[in-house]
Structures are given as structure tokens and as C-alpha cells.
J.: 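This structure is in C-alpha cells; I'll ask about it shortly.
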Amino acid sequence: MNHSKHPRLEPTELNALNLEGAAIYGPDDENIGDVAHLHGDGTTAQVVVDAGGFLGIGSKRVALDMAKLDFMRDEGGTVHATTNLTKEEVKALPEHKD
């Protein structure tokens with residue numbers, strides 16, 4: 001998927017309504033996980049991600065700073081994000097506990 005042509009979300013769009021459930025892709029379009037929920041709103045929020053696993057089984061929740069993610073919409077309007085972190089780097093992060 002060529003993410004360079006996807007419009008980025010405006011800071012006012014960085015909220016739970018738009019981001020929860022969004023897929024996150026790492027380098028080479030590797031699926032990192034999905035947004036479970038947010039802590040806070042806007043550019044200072046923490047994004048809690050269900051990383052790894054398959055259909056929610058074996059996944060691990062980790063928290064990423066919003067600044068590590070680039071949220072956008074694809075041609076169909078679906079919100080997703082990219083990051084420079086690999087799946088291995090994300091899975092190595094400490095588990096997030098609410």
C-alpha cells in the first residue's frame with residue numbers, strides 16, 4: 001500500500017472515535033496491530049495497541065506515544081497508521097496495564 005498518497009488526519013481528528021480499531025503498519029507494510037483505545041486526546045495522547053497475535057489471541061497490549069504514529073485515511077476513508085517501529089520492537093515493549 002502506498003501510504004504517501006493518503007491524507008493525514010488533522011490534530012482535531014486524533015480522538016478515540018476516529019482511531020479505535022485502526023490498523024497500524026510498520027516498515028514494509030508489516031501489520032503491527034490495532035488501536036485498542038487511547039489515553040488522552042490529540043498529539044499528546046498515548047495509543048494502546050493490541051500487538052501481535054491472531055484475531056486477538058496471543059496479542060499483547062502496549063502503549064505508544066501518538067508522536068510515533070502517523071494516522072491517515074486510505075482511498076476508502078478507512079483510518080490507519082504507520083510507524084517506523086517493527087513488530088519485534090513493539091512486542092518487546094512492556095505490557096500496558098490499564
J.: Inspect the surroundings of CG in D98 and state if more than 12 heavy atoms from other residues, nucleotides or ligands are less than 6.0 Å away.
T.: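 Yes, the 6.0 Å shell around CG holds more than 12 heavy atoms from other groups.
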J.: For residues 2-15, pull every pair meeting salt bridge (Lys or Arg N to Asp or Glu O under 4.0 Å), keeping only residues two or more places apart or in separate chains.
T.: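 Sorted result for residues 2-15: R8-D70, E13-R73.
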J.: List in chain and number order the residues that pass side chain to side chain donor-acceptor pair (under 3.5 Å) with N2, two or more places apart in sequence or in another chain; answer none if no residue qualifies.
T.: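 Residues passing side chain to side chain donor-acceptor pair (under 3.5 Å) with N2: S4.
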J.: Distance-only, no hydrogens or angles: does the T83 side chain make a donor-acceptor pair with backbone N or O of G26 under 3.5 Å?
T.: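 The answer is no, because no donor-acceptor pair under 3.5 Å joins these two groups.
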J.: What residues form a side chain to side chain contact (heavy atoms under 4.5 Å, CB included) with A23, not counting sequence neighbours?
T.: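 Once residues adjacent in sequence are excluded, the partners of A23 under the side chain to side chain contact (heavy atoms under 4.5 Å, CB included) criterion are Y25, N31, D34.
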J.: Quick check: closest heavy atoms across V35 and L19, and the distance to 0.1 Å?
T.: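 Of all heavy-atom pairs spanning V35 and L19, the closest is CB-O, 3.2 Å.
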J.: Looking at K60 and K91, would you say the former's side chain and the latter's main chain have a donor-acceptor pair under 3.5 Å?
T.: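 The answer is yes, because a donor-acceptor pair under 3.5 Å joins these two groups.
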J.: According to a 4.5 Å side-chain heavy-atom criterion applied to Ile, Leu, Val, Met, Phe, Trp and Tyr, with indirect links allowed, do V79 and V48 form part of one hydrophobic cluster?
T.: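 No, no single cluster joins them.
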J.: Checking A45 now: which residues fulfil side chain to side chain contact (heavy atoms under 4.5 Å, CB included) with it, not counting sequence neighbours?
T.: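 Partners of A45 by the side chain to side chain contact (heavy atoms under 4.5 Å, CB included) criterion, ordered by chain and then number, come out as M66.
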J.: Quick one: salt bridge (Lys or Arg N to Asp or Glu O under 4.0 Å) pairs with a partner in residues 19-32, sequence neighbours left out?
T.: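 Sorted result for residues 19-32: empty, none.
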J.: Is there a path of hydrophobic side-chain contacts, each under 4.5 Å between heavy atoms, that joins L69 and M72?
T.: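 L69 and M72: separate clusters.
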J.: Is there a side-chain contact between T86 and P27, using heavy atoms and a 4.5 Å cut-off?
T.: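 Touching, per the 4.5 Å side-chain cut-off.
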J.: Please round to the nearest 0.5 Å and tell me the distance separating atom CG of L64 and atom CG of L93.
T.: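 Between L64 CG and L93 CG, I get 6.0 Å after rounding to 0.5 Å.
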J.: Taking the side chain from D65 and the backbone from K68, do they hold a donor-acceptor pair closer than 3.5 Å?
T.: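 No.
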J.: Taking salt bridge (charged side-chain N to carboxylate O under 4.0 Å, His left out) as the definition, give me every residue that meets it alongside D50, ordered by chain and number, with sequence neighbours left out.
T.: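 Expected list: R61.
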J.: Quick one: does E88's side chain get under 4.5 Å of V90's, heavy atoms only?
T.: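 The answer is no; the side chains never approach within 4.5 Å.
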J.: Which other residues end up in the same hydrophobic cluster as L17, if Ile, Leu, Val, Met, Phe, Trp and Tyr are linked when side-chain heavy atoms come under 4.5 Å apart?
T.: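 Cluster partners of L17: none, it stands alone.
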J.: Same cluster or not: F71 versus L85, using hydrophobic residues (I, L, V, M, F, W, Y) connected whenever any side-chain heavy atoms lie under 4.5 Å apart?
T.: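 Linked within one cluster.
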J.: How long is the straight-line distance from CG of L38 back to CG of L14, given to the nearest 0.5 Å?
T.: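 The CG atom of L38 is 8.5 Å from CG of L14, to the nearest 0.5 Å.
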J.: Using side-chain contact (heavy atoms from CB on, under 4.5 Å), reason through I24 and T82 one step at a time and then give a plain yes or no.
T.: CA-CA 6 Å; I24 299 174; T82 60; over 6 Å; no
J.: Apply ring pair (Phe, Tyr, Trp, His ring centres under 6.0 Å) to H6 and list each qualifying residue two or more places apart in sequence or on a separate chain.
T.: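 Per chain and number, H6 pairs via ring pair (Phe, Tyr, Trp, His ring centres under 6.0 Å) with H3, H80.
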